[in-house]
There are 2 protein chains.
Amino acid sequence: MKYEADPEDVEPISAPQAAGGEAVLRGKATINDVARLAKVSKKTVSRVINESPFVKQKTRDTIKAVIAELGFTPDPQARALARRKSFLVGLVYDNPSPQYVVNIQRGILDALEGTDFQLVLHPCDRSKLDHVARIQSFIQQHKPFGLILPPSVSEDEPLALALNEADVDYVRIASVELDTPSRMIRTLDGDGGAAAGRHLADLGHRNIAHIHGPLSFRSTHERRAGFERALAEAGLVLRPEMAVEGGYTFEGGVVAAELLLAQPNPPQAIFAGNDEMATGAYVAVRRAGFRIPEDISIVGFDDTPIAGRLWPALTTVRLPIREMGSAAATLLLQTADGVTTKKLITFSPEIIVRGSTAAPGTP
Amino acid sequence: MKYEADPEDVEPISAPQAAGGEAVLRGKATINDVARLAKVSKKTVSRVINESPFVKQKTRDTIKAVIAELGFTPDPQARALARRKSFLVGLVYDNPSPQYVVNIQRGILDALEGTDFQLVLHPCDRSKLDHVARIQSFIQQHKPFGLILPPSVSEDEPLALALNEADVDYVRIASVELDTPSRMIRTLDGDGGAAAGRHLADLGHRNIAHIHGPLSFRSTHERRAGFERALAEAGLVLRPEMAVEGGYTFEGGVVAAELLLAQPNPPQAIFAGNDEMATGAYVAVRRAGFRIPEDISIVGFDDTPIAGRLWPALTTVRLPIREMGSAAATLLLQTADGVTTKKLITFSPEIIVRGSTAAPGTP
DNA sequence: ATTAGGATTGACACCGGTGACATTTTCGAA
DNA sequence: TTCGAAAATGTCACCGGTGTCAATCCTAAT
């Protein structure tokens with residue numbers, strides 16, 4: 001039986017703009033309005049919205065025309081309710097670096113632009129006991145379409161396990177293959193560390209130190225391993241007393257560098273595991289009365305904006321963080337299209353040589 | 001008529017954890033489950049959830065007990081659909097400084113923690129023609145509970161006008177009273193500028209320059225006005241050629257400072273309208289071969305993290321950005337409680353003296 | 001011309017709440 | 001004890017979509 005809406009029913013709906021005399025954008029069109037005007041059931045409209053292949057081309061065209069005419073957009077809340085899945089993409093993060101976080105956000109937003117999805121922020125604290133439970137309850141309540149986990153949450157295996165149980169999709173951003181399999185964005189931090197080591201060795205430095213991040217971060221180990229590999233290729237070794245932890249923070253960097261400089265045979269060059277710590281090293285080096293890069297060369301990692309703002313500008317290893325965020329979101333949304341081709345996207349870092357490194361003995 | 005659910009109906013629901021044998025957290029309880037167990041209608045449960053005063057204390061207690069037992073939490077999507085209002089708080093921003101943005105986010109998240117609300121990010125671009133239309137369509141689609149507008153979107157009067165028409169609540173963060181009335185967080189940027197001017201004048205500087213932000217930002221004018229006021233109180237004037245625009249960016253700061261230093265009678269001190277530009281000034285001053293603070297003193301504004309990371313650390317004016325974000329969210333949520341007491345919260349800046357300023361003639 | 005089987009489309013309940021309004025209680029005043 | 005208004009609670013439709021499954025429409029094969 002065909003849908004036989006009589007003209008009276010149709011008329012007043014066809015002009016949502018004009019309705020009500022005053023109101024112009026008020027009262028959005030709903031799927032019912034579209035169905036009535038297109039003379040089909042709302043279910044068929046629903047099929048068109050969701051790009052179901054089981055709709056005749058002609059019907060589809062008619063409906064699309066009506067949708068366009070009415071400026072109809074499906075209501076995310078209603079869809080979420082019916083599907084038991086919202087249109088939210090959660091960014092679950094605990095990264096201490098604001099720069100990192102902002103760039104990841106930007107990348108995700110780039111990818112989400114134009115889609116129906118919205119980015120919601122969900123900071124967390126891995127040291128809290130109910131850390132995983134909180135995220136679970138967030139998922140249960142808000143039924144996010146998916147989650148994006150940058151480091152170091154991405155390395156949280158108990159969390160990943162819990163997520164696999166829960167009804168969410170997620171993409172992790174990390175520097176290594178992780179135990180729990182999942183789609184992920186992988187960064188070759190080791191190569192970055194190697195690039196830093198090679199750069200310093202090529203400049204002629206022999207006495208090189210390293211300030212690394214917390215041991216609980218996988219990237220700490222990756223970066224250091226790559227760095228040591230490059231040194232080895234140049235016939236150098238990283239002596240144990242030349243490797244100090246700086247917690248990935250500015251203050252940690254200051255303290256770590258002070259420790260290094262206080263040694264009987266202080267380093268000519270320092271590779272810091274991130275820009276924050278490199279910035280801290282700048283301060284310590286200056287306090288100790290040394291010049292950068294004449295007396296001591298410094299290399300960072302991340303290429304956050306501060307790198308270009310220091311004096312001299314910091315030589316550092318860049319990871320395309322924004323692009324990574326974008327790729328993560330894209331990977332997540334694939335599922336929405338039913339296409340799940342790629343499961344892993346790899347990004348390589350690149351060294352950006354600026355003013356904080358020079359050959360030893362530069363006047 | 002009482003609700004007479006017979007035990008059989010009640011039993012299987014009472015243990016959502018146990019249901020299904022395997023599943024533990026699956027299948028959240030709904031308002032219907034609560035209603036059945038508490039032997040009341042779902043509407044009454046709804047009243048309790050929404051803290052309606054028209055529920056007898058005893059009934060309320062019973063229902064609350066059941067809610068606790070079941071671990072029931074209302075479904076945000078369903079509520080949103082029925083109320084035509086979601087539980088999202090939108091941060092609409094275009095601020096170029098990541099630091100600012102992150103801190104505002106943190107503040108908002110602080111205030112939202114423990115509530116049903118979620119923060120969604122909505123960056124925008126005021127230079128786009130459909131700028132306002134985009135935000136309108138975001139509102140129409142996602143029906144956010146409210147919006148928070150930091151500068152410079154907060155100063156966008158056409159947007160504010162459109163927002164008043166639309167069905168959203170919003171709080172603006174700005175440095176001045178704005179034409180369109182609305183709840184807002186106000187910062188006394190003028191006082192901050194004055195503090196900077198006073199500090200430099202007190203140190204004994206007479207030849208002081210200013211690098212200001214874009215003229216389209218109200219804060220630019222506020223900060224400058226306060227600065228000039230303080231100079232006047234010290235019997236000084238800001239000569240026109242000593243005021244240059246730096247666009248609130250690092251690069252702009254570099255160029256502006258170069259312009260100032262190239263003048264026949266270069267300044268002994270520079271007050272930059274924000275930390276980004278102050279950082280740019282550091283670079284220009286060094287390139288020109290001057291020392292900070294011995295030859296030239298520099299003051300910034302905002303106290304972003306970079307201020308403490310520079311060498312020497314930057315003397316700057318601090319605005320409690322995180323607290324401001326938190327206050328903005330709190331102001332917004334008042335409506336949720338029906339309590340709408342405050343409409344304006346004012347924050348005063350404070351000068352943080354660090355190493356980038358000294359009396360002229362310091363060796 | 002018929003007919004089977006896939007291609008389309010529709011009917012209807014339901015997702016989990018809330019709004020408007022009706023009905024039942026409750027309790028102080030008469 | 002009785003009555004009426006206020007207090008408390010319930011009924012039922014609806015918010016705007018989607019899932020399930022049944023019904024109808026086609027098309028090629030018989």
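Computed from a prediction, not measured in an experiment: that's the story for all the values here. Labels below follow one simple rule: chain letters A, B, ... track the order of the sequence lines, proteins then strands, and each chain is numbered from 1.
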Ignoring backbone atoms, establish whether B:N50 has a side-chain N or O less than 4.0 Å from OP1 or OP2 of C:dT18.
yes
Would you jot down, in residue-number order, the residues of residues 53-63 of chain A having a non-hydrogen atom under 4.0 Å from DNA chain C?
A:F54, A:V55, A:K56, A:T59
Donor-acceptor pair, B:D75 side chain versus B:Q77 backbone, under 3.5 Å?
yes
Are A:R183 and A:D169 close enough for a salt bridge, meaning some N to O gap below 4.0 Å?
yes
Does some side-chain heavy atom of A:V66 sit less than 4.5 Å from a side-chain heavy atom of A:F72?
no
Within the structure provided, determine whether A:I345 and A:T330 are in side-chain contact (heavy-atom separation under 4.5 Å).
no
Tell me, do A:D61 and A:K58 make a side-chain contact under 4.5 Å, heavy atoms counted?
no
For A:R47 and for A:I31, find the nucleotide of DNA chain D with the closest heavy atom, then tell me which residue's nucleotide is more 5'.
A:I31
C:dT9 phosphate, OP1 or OP2: any side-chain N/O from A:S41 under 4.0 angstrom?
no
Whole-Å distance, A:F72 CZ to D:dG16 P, equals 10 Å
Distance only, no hydrogens: is a donor on one side chain within 3.5 Å (strictly under) of an acceptor on the other, for B:D94 and B:H131?
no
Write out a two-atom table: protein N or O, nucleotide N or O from nucleotides 12-14 of chain C, distance below 3.5 Å.
none

According to a strict under-4.0 Å criterion, is B:S46 in side-chain N/O contact with OP1 or OP2 of C:dT18?
yes
B:L88 and B:P76, any side-chain heavy atoms less than 4.5 Å apart
no
Salt bridge between B:D116 and B:R79, side-chain N to carboxylate O under 4.0 Å?
yes
When you compare the side chains of B:Q118 and A:Q118, does any donor N or O come within less than 3.5 Å of an acceptor on the partner?
no
When the distance from CD1 of A:I49 to P of D:dG19 is rounded to whole Å, what number comes out?
12 Å
Under 4.0 Å, heavy atom to any atom of DNA chain D: which of residues 75-83 of chain B qualify?
B:L81, B:A82
